[in-house]
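First comes the structure, then the notes that go with it.
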Amino acid sequence: HHLVIGPTKLAQTSSRGVGCPNDEVAEVYSLGCSQDVGINLEHKPVMSQGERAEFVEDVSKTRWLYNASQARDVVETLEAGQWLNPRTNRIKVSKMTYHANDDLLLTTHVHFLFARTGRIW
């Protein structure tokens with residue numbers, strides 16, 4: 001059995017804004033151009049790429065979920081504030097657990113990778 005230790009951490013990285021090849025058209029459609037940071041998501045990533053790619057956390061967007069009863073409110077607030085936006089390219093959810101039978105302290109990281117096409121890996 002695993003016992004959950006401490007809060008759940010939600011962290012993300014975002015693409016950086018760059019100039020568009022055709023600023024006039026981008027402006028008409030209210031679009032911006034961006035460049036992925038750390039991993040190329042134009043094609044399906046191989047698992048080892050995701051593991052090795054640098055995760056440069058935007059600490060201003062890091063959120064902590066301290067208990068299950070708080071989670072729904074925090075997620076609704078993040079949704080309303082557009083925490084997840086078109087520039088988000090990775091989200092990492094981290095949780096620590098303790099396994100008493102084997103005296104193991106474990107950290108689990110779940111990565112969500114967002115391609116510009118809207119696909120999530």
Side-chain angles (χ1 to χ4, degrees):
H1 299 315
H2 289 267
L3 174 66
V4 174
I5 306 290
T8 300
K9 180 180 180 182
L10 304 175
Q12 73 167 270
T13 65
S14 299
S15 300
R16 67 186 109 175
V18 296
C20 293
N22 190 332
D23 287 327
E24 290 178 33
V25 174
E27 187 176 321
V28 167
Y29 292 104
S30 300
L31 296 173
C33 293
S34 60
Q35 180 180 17
D36 292 332
V37 177
I39 189 169
N40 181 356
L41 296 175
E42 292 179 13
H43 305 286
K44 181 178 181 180
V46 177
M47 182 177 252
S48 61
Q49 288 174 312
E51 293 170 350
R52 288 192 309 251
E54 184 178 11
F55 187 89
V56 181
E57 180 178 338
D58 181 350
V59 293
S60 70
K61 294 190 172 197
T62 299
R63 299 296 180 265
W64 296 90
L65 304 177
Y66 291 96
N67 56 55
S69 62
Q70 172 199 35
R72 172 173 244 136
D73 292 338
V74 170
V75 171
E76 287 176 357
T77 300
L78 293 176
E79 184 178 5
Q82 294 187 348
W83 184 78
L84 177 65
N85 61 60
R87 287 227 175 129
T88 302
N89 64 5
R90 286 174 74 184
I91 290 179
K92 179 170 69 171
V93 179
S94 303
K95 190 69 182 164
M96 189 174 287
T97 57
Y98 176 69
H99 189 272
N101 288 349
D102 295 322
D103 192 30
L104 292 173
L105 187 61
L106 307 166
T107 302
T108 302
H109 302 287
V110 180
H111 291 258
F112 297 91
L113 302 122
F114 298 83
R116 292 181 201 162
T117 60
R119 178 107 191 231
I120 301 172
W121 287 293

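Each residue takes its place number in the sequence, starting with 1.
- By the rule that hydrophobic residues join a cluster once side-chain heavy atoms approach within less than 4.5 Å of another member, Phe112 and Trp83 end up as members of one cluster.
- One hydrophobic cluster holds both Ile91 and Ile120 under the rule that ILVMFWY side chains link at heavy-atom gaps under 4.5 Å.
- Using a 3.5 Å distance cut-off with no hydrogens or angles, the side chains of Lys95 and Thr108 do not pair a donor with an acceptor.
- Between the side chains of Asn89 and Thr13, a donor-acceptor pair is found at a separation under 3.5 Å.
- Linking ILVMFWY side-chain heavy atoms closer than 4.5 Å, directly or via other members, places Leu106 and Tyr98 in two distinct hydrophobic clusters.
- Checking side-chain atoms of Asn85 against main-chain N and O of Arg87 turns up a donor-acceptor pair under 3.5 Å.
- By the 4.5 Å heavy-atom criterion applied to side chains, Leu84 and Gln82 are not counted as neighbours.
- Taken to the nearest 0.5 Å, the CZ atom of Phe114 stands 11.5 Å off from the OG atom of Ser15.
- Rounding to the nearest 0.5 Å gives a distance of 5.0 Å between CE of Met96 and CG of Leu105.
- The side chain to side chain donor-acceptor pair (under 3.5 Å) contacts involving residues 66-76 comprise Asn67-Ser69, where partners must be two or more places apart or lie in separate chains.
- Of the charged side-chain nitrogens involved, none lies within less than 4.0 Å of a carboxylate oxygen, so that Glu57 and Arg90 do not count as a salt-bridged pair.
- The six-membered or imidazole ring of His111 lies near that of Phe55, with a centre-to-centre distance under 6.0 Å.
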Side chain to side chain contact (heavy atoms under 4.5 Å, CB included) for Leu10 and Gln12? Distances and angles first, verdict last.
CA-CA 7 Å; Leu10 304 175; Gln12 73 167 270; over 6 Å; no

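- In the hydrophobic cluster analysis, where Ile, Leu, Val, Met, Phe, Trp and Tyr join through side-chain heavy atoms closer than 4.5 angstrom, Val93 is grouped apart from Val4.
- Within 6.0 Å of CD in Glu27 there are 12 or fewer heavy atoms belonging to other residues, nucleotides or ligands.
- Transitive grouping of hydrophobic side chains (ILVMFWY, heavy atoms separated by less than 4.5 Å) brings Val110 and Leu78 into a common cluster.
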